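Only heavy atoms go into these numbers, but all of them, side chains included; no hydrogens, no water, no symmetry mates. These numbers come from a predicted model, not from an experiment.
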Amino acid sequence: MRDADMTILHIDQAGPLMTVQDMGRPGRIGVGLSPGGAMDRAALIEGAALLGLSEVVAGIEMAGLGGTFRTDAPMRFALTGARMDAQIDGQPLRWNASHLLHPGQDLRIGGVQAGAYGYLVPAGGVRGEGVLDSRSAHLSVGLGAPLAAGDTLVIGQDPKRDRPLQIIVPDDRLSGGLLRIMPGPQTQMFDPATRQRLTQITFGRGARSSRTGSPLDYDGHRLGPSGSRGPVSDFIRVGDVQITGDGTPFVMLAECQTVGGYPRIGTVIADDLSRVAQAASGAPLRFEWMTIAQADAAYRSVGQHLREAAAQVRPLVRDPADIPDLLSYQLIDGVTAGDP
């Protein structure tokens with residue numbers, strides 16, 4: 001039996017590969033499980049900041065296309081990540097902002113306008129029985145499944161239900177950009193000229209990208225290690241950049257394999273992985289080498305990232321032209337007809 005303070009979110013329509021995601025299951029590479037979790041972890045963090053939460057909660061990841069939602073109780077939520085068309089009963093919603101959905105209203109989220117993965121983050125978080133300390137669907141190993149029309153989700157209690165609506169302007173990570181890469185155990189398999197040339201090529205996110213990883217397209221002479229191009233038996237982590245047999249860089253993402261594969265020229269730092277995941281097909285991506293010491297200095301914990309995002313949120317000021325029931329509000333106290 002669910003708690004009386006919990007809310008039921010009804011999914012009337014669902015795009016393909018819509019899943020519940022949180023920060024995943026880190027630290028289990030030894031048992032053959034990659035972390036999984038949100039493809040754009042920053043989007044979940046920004047959602048928590050918009051909602052005034054002290055920790056990141058599970059939300060809904062929408063890959064390319066959203067869906068239609070209803071709720072049985074008032075529900076605050078944030079929209080973050082890839083920009084998508086969103087409306088409540090036909091009224092457009094700001095992206096990277098928090099909103100309120102009432103019973104009887106329809107929340108409709110359409111296709112992406114920029115980026116690849118959008119997020120609907122309820123203030124109470126998606127609840128339910130987790131597996132290995134996470135509610136994330138990890139489709140490549142069969143944990144969970146995509147959400148579908150007719151599904152319902154239990155949403156937890158909103159700890160700040162009276163918080164005013166907020167907005168944030170995040171750094172652009174939807175149109176490609178710079179990927180900082182640090183050396184790894186197989187970097188020396190690539191000669192200095194190849195390592196330097198990696199930073200001189202403008203790549204594009206490949207069309208075959210998925211939650212497992214993203215190939216990077218480019219023109220010109222193929223990259224490759226100095227010696228054998230055969231598979232290497234070694235652990236793999238999220239962010240590793242394999243150079244496949246045909247010279248294609250392949251960036252490992254949330255649901256990557258955990259062992260084996262082609263030689264890895266280096267590892268993209270965690271803060272830049274969302275640029276790979278969110279880049280549209282063909283969006284420009286470039287690499288920049290950094291030392292391990294520089295990568296350590298650039299590292300931010302989830303808590304640090306959340307505090308930084310919380311400092312950037314501002315009240316969402318609504319345009320009166322977008323409020324259909326404007327005249328029902330008591331805008332100025334004490335106004336009379338002038339007869340007294």
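- The backbone N or O of L153 lies less than 3.5 Å from no partner atom in the side chain of R127, so there is not a single donor-acceptor pair.
- Taking the centre of each ring, Y262 and F250 stay at or above the 6.0 Å mark.
- The nearest pair of heavy atoms linking P146 to T19 is CA-CG2, 3.9 Å.
- The closest donor-acceptor contact from the side chain of R76 to the backbone of L51 lies under 3.5 Å.
- Side-chain atoms of E255 come within 3.5 Å of backbone N or O of L139 as a donor-acceptor pair.
- Atom CG of D72 sits about 13.5 Å away from atom NE2 of H102, to the nearest 0.5 Å.
- With hydrogens and angles ignored, the 3.5 Å screen pairs a side-chain donor or acceptor of R205 with a backbone N or O of A279.
- Within the 3.5 Å criterion, the main-chain N or O of D89 finds no donor-acceptor partner in the side chain of Q87.
- For the residue pair S134 and D22, a side-chain donor N or O sits within less than 3.5 Å of a side-chain acceptor on the partner.
- Each of D271, D272, D40 was checked for a salt bridge (charged side-chain N to carboxylate O under 4.0 Å, His left out) with R173, and the lone residue meeting it is D40.
- Connection of L17 to Y117 is not established within any shared hydrophobic cluster, with ILVMFWY side chains joined at heavy-atom distances below 4.5 Å, either directly or through further cluster members.
- Looking at D217 and R208, no side-chain N of the basic residue comes within less than 4.0 Å of a carboxylate O on the acidic one, giving no salt bridge.
- Below 30°, between 30° and 60°, or above 60°: for F77 and H99 the angle between ring planes is between 30° and 60°, a tilted geometry.
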List the steps and the verdict of salt bridge (charged side-chain N to carboxylate O under 4.0 Å, His left out) for R211 and E61.
CA-CA 11 Å; R211 285 184 54 83; E61 180 178 274; 2.8 Å; yes

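- For the atom pair Q91 CD and Q105 CD, the distance stands at 10.0 Å (nearest 0.5 Å).
- Side chain of R25 to backbone of S34: no donor-acceptor contact under 3.5 angstrom is found.
- Looking at I269 and Y299, their side chains never come closer than 4.5 Å, going by heavy atoms from C-beta outward.
- No donor-acceptor pair under 3.5 Å is formed between the side chain of W95 and the backbone N or O of M84.
- Using modelled atom types, one finds no donor on one side chain facing an acceptor on the other under 3.5 Å when comparing S136 with H138.
- One finds the OG1 atom of T71 at 10.0 Å from the CG atom of L107 (value rounded to the nearest 0.5 Å).
- In this structure, the separation between CH2 on W289 and CZ on R180 is 14.5 Å, given to the nearest 0.5 Å.
- The backbone N or O of F203 sits nowhere less than 3.5 Å from a side-chain atom of R286 that would complete a donor-acceptor pair.
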| task | Begin with the C-alpha distance, continue with both residues' side-chain angles, and end with the deciding distance and a verdict on salt bridge (charged side-chain N to carboxylate O under 4.0 Å, His left out) for R275 and D172. | result | CA-CA 9 Å; R275 288 198 183 96; D172 179 22; over 6 Å; no

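- Remark: the E288 side chain and the T199 side chain contain no N/O donor-acceptor pair separated by less than 3.5 Å.
- Judged by distance alone, the side chain of R195 and the main-chain N or O of F190 form a donor-acceptor pair under 3.5 Å.
- With respect to R70, the side chain to side chain contact (heavy atoms under 4.5 Å, CB included) criterion is satisfied by exactly one of D106, T152, I11, L101: D106.
- Between the side chain of S301 and the backbone N or O of Q304, at least one donor-acceptor pair lies under 3.5 Å.
- The number of heavy-atom neighbours closer than 6.0 Å to CZ of R237, taken from other residues, nucleotides and ligands shown, is 12 or below.
- Counting all heavy atoms, side chain and backbone alike, T258 lies closest to G32 at OG1-CA, 3.5 Å.
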